[in-house]
Structures are given as structure tokens and as C-alpha cells.
There are 2 protein chains.
Amino acid sequence: MPRWGPDADNRLYLSAMELIFERGYDAVTVAEIAEHAGLKKRSFFRHFADKREVMFAGAADFEKAVVDAVRAAPRAVRPVDAVMTALADAGAGLTKWGEPVRQRQRVVATSIELRERELIKFDSLASAVAEALGEREVDDLTAILVAKAGVAALATAFQQWVDAGGPADFPELMAEAHRRLRAALCDGP
Amino acid sequence: MPRWGPDADNRLYLSAMELIFERGYDAVTVAEIAEHAGLKKRSFFRHFADKREVMFAGAADFEKAVVDAVRAAPRAVRPVDAVMTALADAGAGLTKWGEPVRQRQRVVATSIELRERELIKFDSLASAVAEALGEREVDDLTAILVAKAGVAALATAFQQWVDAGGPADFPELMAEAHRRLRAALCDGP
DNA sequence: TTCATGAGGACACCGGGTGTCATCACCTCC
DNA sequence: GGAGGTGATGACACCCGGTGTCCTCATGAA
């Protein structure tokens with residue numbers, strides 16, 4: 001399909017990762033990323049909406065995977081369980097890539113603007129999940145709350161996975177987060 | 001204490017609100033805000049870290065109020081209830097200001113960068129709440145999850161309050177969010 | 001061979017944000 | 001009351017992210 005230098009998107013992505021992992025996000029300019037990929041600054045912005053976005057390539061795929069899994073869950077499954085399972089599975093797929101993912105996440109942690117972008121990705125994910133829940137006769141308020149709670153569990157489990165360093169079972173981290181949240185909310189005096 | 005033109009912070013804030021409410025966030029430059037307050041662009045950045053920050057003046061006070069309330073909650077109160085109550089009370093204090101707060105929030109909704117900033121404020125709030133919970137013998141994982149669930153309820157209730165338009169009882173919106181979340185997580189098959 | 005197409009380049013411009021040095025009102029202390 | 005310290009502001013020069021516009025040119029189809 002690409003009729004020019006093949007795969008400009010991917011070349012830019014790889015170029016960005018190489019330079020940013022080496023020197024840090026703030027110390028690399030868009031012009032440098034582009035030149036390193038054999039392109040010009042102006043062209044970078046034809047492939048990525050802004051500099052931050054290159055760090056979140058694949059986020060749309062992740063969101064789609066989660067939403068599809070929520071939609072595919074049997075109606076008998078409670079909404080919260082459908083969401084937690086979908087997020088755990090998608091997270092398992094992501095964390096399977098191991099070290100590069102951790103490295104990327106450590107870069108995100110160094111920059112406020114990247115943290116902000118990450119949070120809006122999470123928020124977008126929650127909204128999409130809530131909408132998917134709406135298709136299974138869950139009221140809007142419950143849907144968004146369950147979605148946000150799920151995303152909170154995901155973010156927490158993901159952080160633990162990054163900090164763990166070695167191999168860690170992501171779905172188990174998610175399940176543990178779910179249990180703790182449930183205990184905190186449900187076990188009452 | 002201020003020995004120059006009094007209250008430059010507040011002048012800049014009022015100047016920003018006036019211009020932004022009138023023309024929209026993107027259509028107003030920092031230089032315009034500063035000049036309108038009798039200052040120069042360079043000085044704006046001596047009072048606010050960036051352009052977005054002027055829309056969130058008072059966020060630090062809000063966070064402090066919440067954290068103090070969590071700390072002040074009796075030990076017998078469950079963590080989740082302490083958090084929800086603290087957030088409901090702080091939210092009540094905020095929503096008491098009525099229309100100007102709704103107007104500000106509508107501006108935030110128009111801009112991606114403002115949404116991002118809002119999300120990181122919420123995230124900061126959750127971290128601060130989690131730390132406060134840590135002081136009452138709540139394990140770290142539970143603390144951050146409860147804090148994030150509370151903030152999710154806050155954000156949802158706040159959105160409902162903005163959309164409601166007229167007077168709305170914020171603590172009741174929070175309580176309803178808490179009930180729905182609890183029902184979704186706890187009522188099992 | 002010609003032509004439409006779309007990726008990429010050139011170039012100018014804008015606005016947010018920062019480093020640095022100069023200025024100047026105010027306060028204090030002698 | 002004058003000297004000096006202090007801190008807020010101004011002036012100015014940059015940098016970089018981001019965009020609008022027009023031009024170039026390889027490619028594939030007719």
C-alpha cells in the first residue's frame with residue numbers, strides 16, 4: 001500500500017524509540033526523530049498528531065481489543081466481571097512483550113505531558129468500555145463507574161507489573177486488584 | 001505582603017476568565033491575558049506554570065481539604081466511607097459557587113489539553129488520598145484502589161452536577177454513585 | 001506516454017515556554 | 001534621610017511544537 005519509502009509510520013516509531021530510550025523524551029526533538037527516519041519534521045506530523053502520540057502507538061488497538069472482549073462476554077456474566085476479564089486479557093497480551101513495554105512505561109513516567117496523555121488514553125478506554133456496557137442493559141451511571149473502576153484496577157496492576165521487573169502474571173495482578181477493591185467496598189461492619 | 005501591584009495572581013486569574021469565557025480558551029493568548037491584567041507575558045509564567053494551570057486555580061486547596069478530611073475521619077469509619085465523605089464534602093464546597101464553576105468546567109470540556117490537565121489533577125488527588133489512607137493502616141494496594149474509586153465517583157458526580165444545570169445536591173449525587181458502584185461490585189449472582 | 005494521486009519537502013508563521021540581564025519600587029537599617 | 005538589599009517586573013532573544021500553503025515528484029493506471 002505505501003508507495004513511497006515503505007512503512008514511514010513504523011520507521012518514525014522505531015526512530016523515536018531509539019532516540020528517546022537513549023537520550024530521554026525531552027532531549028529529543030521532533031525534527032531529530034524525523035531526520036533519523038529519513039524524513040522532515042513536517043512529515044512527522046502527517047503520521048502522528050503530536051510528539052506525545054508516538055509513545056502510545058497501539059493504544060487504539062488495545063482499546064478495540066478490550067471493547068470487543070466486553071461485547072463478546074456472555075450475558076450471564078456480571079458487567080464488572082466482564083470488564084475485569086477483558087482488561088486482564090488485553091493486559092496479558094500487552095505485557096507479553098516484556099522489557100520494551102517496561103522501558104516505554106518508564107519513559108512515560110519521566111514526563112508530565114506523557115503522563116497526561118496516558119491518563120486521557122485511560123479515560124478514553126473507560127468511556128469506550130462504558131459504552132459497550134450500555135449495550136447490555138446496564139444503566140449509564142453504573143456503566144461509567146464500573147468502567148472507571150476496571151481501568152483503575154488495570155492501571156494499578158500495570159504499575160505493579162512494571163515495578164516488578166521480572167516476569168509477573170498480569171491477569172493474577174488484575175485479579176488481586178479486583179479482590180482488594182471488592183473487599184474494601186463490600187466487606188462492611 | 002505583595003509590594004507591587006496588589007494581587008497579581010488574582011488579577012491574572014480574573015483576566016483569564018473574562019477573556020476565555022468570552023472568546024474561548026484557544027482563541028486567547030497568554031500575552032493577551034497578561035496585558036489585560038497590566039502585565040507582560042513573561043510575568044504570567046512567573047505566577048502560573050503554564051497557560052492550562054490558570055484554569056485550575058484552587059485545585060491545590062481542594063486537594064488539601066480532601067486529604068485533611070480523610071485524616072480527620074474517625075478510625076472506626078471504613079476507608080472507603082472516609083474517602084467518599086471527604087470527597088462529597090469538598091465537592092459540596094466547590095459546587096456551592098454555582099454557575100461560575102459550571103462555566104469553567106464547560107471550558108475545560110472544549111479543550112483536549114485542559115481535559116488532560118484535569119485528569120492529572122484527579123490523579124494527583126487520588127495519590128494524595130491514598131497516602132492519607134496509608135496513615136490508617138490500610139495496605140498500599142487497597143489504598144490506591146479505594147482512592148481511585150472515590151475519585152471516579154467524584155468525577156462522575158461532578159459531571160452530573162454540571163450537566164444538571166440547575167441546583168443539584170452534590171453529596172447526594174456522590175452517595176448515589178457510591179451506591180451504584182457498591183451494587184455493581186458487591187451484589188453477586 | 002500521459003495523467004491523476006498522494007506522500008513528502010520547502011518555507012513561513014504562530015504561540016507556548018524559558019534563560020538572562022536590567023530595572024525599579026519598596027523596605028530596612030544605619 | 002540616604003545606602004543598600006530584595007523581589008517583582010520588563011526587555012529581549014531563543015527554542016520547539018505545531019500548522020497552513022504551495023510545490024515536487026515517484027508511482028500506478030489508463
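Just so we're clear, the structure is a prediction, and the values are computed from it rather than from any experiment. The chains referred to below are lettered A, B, ... by the order of the sequence lines, with proteins before strands, and numbering in each begins at 1. Values below: every heavy atom of this structure, side chains too, minus hydrogens, waters and symmetry copies.
- Note on A:Leu12: it clusters hydrophobically with A:Met17, by side-chain heavy-atom contacts below 4.5 Å among ILVMFWY residues.
- As a whole-Å value, the separation of B:Leu39 CG from D:dA11 C1' is 14 Å.
- By the 6.0 Å contact criterion, CD on B:Glu99 is enclosed, its count of non-hydrogen atoms from other residues, nucleotides or ligands being greater than 12.
- The separation between B:Lys41 atom NZ and C:dT18 atom C1' is 9 Å, rounded to whole Å.
- The number of heavy-atom neighbours closer than 6.0 Å to CG of B:Leu14, taken from other residues, nucleotides and ligands shown, is above 12.
- Because its NZ or CZ atom is both nearer than 6.0 Å to the ring centre of B:Tyr25 and within 45° of the ring axis, B:Lys51 counts as a cation-pi partner of that residue.
- Between B:Ile20 atom CD1 and C:dG15 atom P there is a gap of 15 Å when expressed in whole angstrom units.
- The backbone N or O of A:Arg46 sits nowhere less than 3.5 Å from a side-chain atom of A:Ser43 that would complete a donor-acceptor pair.
- Atom CD1 of A:Ile33 is separated from atom P of D:dG17 by 8 Å (rounded to the nearest Å).
- Note on residues 98-153 of chain B: no pairs pass ring-ring contact (aromatic ring centres under 6.0 Å, His included), not counting sequence neighbours.
- Counting to the nearest Å, the P atom of C:dG15 and the NZ atom of B:Lys40 are 16 Å from each other.
- Listed in residue order, the members of residues 42-54 of chain B having a heavy atom less than 4.0 Å from DNA chain C are B:Arg42, B:Phe45, B:Arg46, B:Ala49, B:Asp50, B:Lys51, B:Arg52.
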